[in-house]
Amino acid sequence: MQQPVRKAIFPVGGLGTRFLPATKALPKEMLPIVDMPLIEYAVQEAMAAGIEEFIFVTGRGKSAIEDHFDRHFELETTLSERGKTEALELVLQSTPKPGRIAYVRQGEPLGLGHAVWCARRFVGNEPFAVLLADDLIMSDPPTLARMVEVYEERGGNVISLMEVPSEHTSRYGIVEPGDDDGRIVDVQGLVEKPRPESAPSNLAIVGRYILQPDIMDYLSLGSLGTGNEIQLTDSMIKLIGNHPFHGLRLTGTRFDCGTKIGFLEANVAYALGRNDLDGDARSSIAAILEAF
Ligand code: G1P
């Protein structure tokens with residue numbers, strides 16, 4: 001029996017400069033995909049995987065995220081009095097139980113590894129998940145739940161992987177693969193954002209991780225890596241050999257909502273995937289393609 005994965009870290013401290021001016025006063029994680037903020041997709045995915053405690057690593061200007069995951073009694077009462085039960089359910093669906101959500105400030109934007117390390121006191125001595133909301137994954141069953149299954153079978157660390165064109169390796173953490181059964185890959189090494197000519201494969205890390213808590217010891221060293229940032233990948237390398245380390249190939253579709261095109265694609269795909277919007281969305285998109 002593995003120690004259960006009960007806690008998840010959501011690094012949400014980024015400035016969102018690619019989406020200015022939209023993100024001048026609004027956290028990028030609050031931008032909607034159709035009608036739900038990006039961050040709520042990640043929280044729902046975590047809930048579906050059995051996560052009970054939610055730790056957000058935030059920064060200045062991110063308070064809308066705290067309000068979003070809090071109760072809103074005035075709104076709830078009004079919706080209830082007006083008999084708007086569906087809307088009320090939507091408002092309540094992703095609110096973690098009282099005391100199960102925590103916010104910690106990153107202070108300085110020193111990298112993903114630093115963001116995760118900022119959550120160390122909340123994580124304690126348990127395995128934990130990390131979800132990067134920018135990586136939106138449309139998959140059934142959802143990605144983190146699939147990873148938890150692999151973790152329960154094999155223990156250690158589990159990351160999510162996808163194949164990328166070799167000219168894109170410098171955008172991702174890349175795996176040096178060992179045994180590979182087409183679904184699960186044994187991770188023998190990792191490199192953060194290698195150039196194509198030095199990449200050990202074209203298997204890239206997607207923003208979903210299940211990690212053992214001793215990674216915090218390595219992150220504490222604060223060593224700078226690619227881009228002069230404290231990289232999560234660099235400390236994950238140190239875990240290889242201490243524990244099993246597996247990559248699970250992604251199923252479904254991943255949208256890079258950190259880019260404008262990925263964000264647009266996600267909006268179109270999620271609208272087309274919705275029973276209540278599908279028909280209208282399809283004809284609207286066809287009409288727009290005709291007109292422009
Ligand atoms: C981060 C990680 C990288 C991973 C990527 C997935 O990079 O450092 O290893 O492949 O997320 O989206 P970032 O996108 O923050 O530059």
Side-chain angles (χ1 to χ4, degrees), residues 8-19 23 27-29 33 38-39 41-42 45 57-59 106 108-119 129-139 143-144 147 157-177 185 187-196 198-211 215 218-219 222-240 245-250 252-263 265-266:
I9 301 175
F10 301 85
V12 292
L15 287 175
T17 45
R18 287 192 202 164
F19 286 90
T23 48
K28 67 169 173 167
E29 297 79 9
I33 302 298
L38 191 49
I39 186 66
Y41 289 87
E45 186 181 328
V57 184
T58 72
Q106 189 176 2
E108 299 168 88
L110 297 180
L112 178 59
H114 179 254
V116 169
W117 176 77
C118 286
V130 180
L131 295 97
L132 308 185
D134 275 358
D135 279 330
L136 177 61
I137 308 167
M138 193 186 249
S139 163
T143 302
L144 191 64
M147 292 167 65
N157 306 282
V158 182
I159 53 178
S160 174
L161 300 178
M162 66 175 184
E163 282 178 32
V164 297
S166 19
E167 62 271 24
H168 291 174
T169 55
S170 59
R171 300 181 188 174
Y172 302 96
I174 300 288
V175 162
E176 181 191 331
V185 180
V187 175
Q188 306 238 300
L190 293 160
V191 197
E192 181 66 13
K193 303 196 169 83
R195 289 196 308 270
S198 49
S201 74
N202 67 341
L203 276 175
I205 306 172
V206 188
R208 299 291 182 277
Y209 309 78
I210 293 174
L211 298 171
I215 194 165
Y218 300 115
L219 289 171
S223 317
L224 297 177
T226 307
N228 245 359
E229 293 189 347
I230 302 171
Q231 297 290 351
L232 184 60
T233 305
D234 292 342
S235 287
M236 290 186 341
I237 295 169
K238 312 261 178 52
L239 299 176
I240 299 171
F245 205 130
H246 294 99
L248 175 64
R249 276 195 168 75
L250 193 92
T253 310
R254 173 252 188 189
F255 299 96
D256 181 1
C257 292
T259 68
K260 292 184 179 78
I261 291 295
F263 181 77
E265 284 171 351

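The first residue of the sequence shown is numbered 1, and numbering continues consecutively from there. Order of listing sets the numbers, starting from 1, for every ligand and every atom in it.
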(request) Provide, to 0.1 Å, the distance between atom 9 (O) of ligand 1 and the closest protein heavy atom, together with that atom's residue and name. (result)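 Ranking protein heavy atoms by distance from atom 9 (O) of ligand 1, first comes E192 OE1, 2.7 Å.
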(request) Considering heavy atoms of the protein only, find what lies nearest to atom 5 (C) of ligand 1 and give residue, atom and distance to 0.1 Å. (result)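 Closest protein heavy atom to atom 5 (C) of ligand 1: I205 O, 4.0 Å.
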Are side-chain heavy atoms of [X] and [Y] found at a separation under 4.5 Å?
{"X": "I237", "Y": "E192", "value": "no"}
{"X": "F245", "Y": "I159", "value": "yes"}
{"X": "S223", "Y": "D234", "value": "no"}
{"X": "L232", "Y": "W117", "value": "no"}

Using a 4.0 Å cutoff against the non-hydrogen atoms of [X], which atoms of ligand 1 qualify?
{"X": "R254", "answer": "12 (O)"}
{"X": "Y172", "answer": "10 (O)"}
{"X": "K193", "answer": "7 (O), 8 (O), 13 (P), 16 (O)"}
{"X": "T233", "answer": "9 (O)"}
{"X": "L132", "answer": "11 (O)"}
{"X": "Q231", "answer": "8 (O)"}

(message) Pairs of nitrogen or oxygen atoms closer than 3.5 Å, one from L112 and one from ligand 1: do any exist?
(response) no
(message) Regarding ligand 1, does D135 bring an N or O atom to under 3.5 Å of one of the ligand's N or O atoms?
(response) yes
Using a 3.5 Å cut-off and no angle test, enumerate the donor-acceptor pairs between side-chain atoms of residues 198-210 and protein atoms at least two apart in sequence or in another chain.
residue : atom : partner : partner atom : Å
S198    : OG   : R195    : O            : 3.3
S201    : OG   : V175    : O            : 2.6
S201    : OG   : L203    : N            : 3.0
N202    : ND2  : V164    : O            : 3.2
R208    : NE   : E45     : OE1          : 3.2
R208    : NE   : E45     : OE2          : 2.8
R208    : NH1  : L132    : O            : 3.1
R208    : NH1  : D135    : O            : 3.2
R208    : NH2  : E45     : OE1          : 3.0
R208    : NH2  : D135    : O            : 2.7

(request) Report the residue from E108, E229, Q231, Q106 that forms a side chain to side chain donor-acceptor pair (under 3.5 Å) with H114. (result) Q106
(request) Looking only at non-hydrogen atoms, find the nearest pair between V57 and C118 and report the distance. (result)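 Of all heavy-atom pairs spanning V57 and C118, the closest is CG1-CB, 4.1 Å.
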(request) Return a yes/no value: protein heavy atom under 4.0 Å from atom 15 (O) of ligand 1? (result)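 Given the 4.0 Å cut-off, atom 15 (O) of ligand 1 does not count as touching protein heavy atoms.
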(message) I'd like to check the salt bridge (Lys or Arg N to Asp or Glu O under 4.0 Å) partners of E163; sequence neighbours left out, ordered by chain and number.
(response) R249
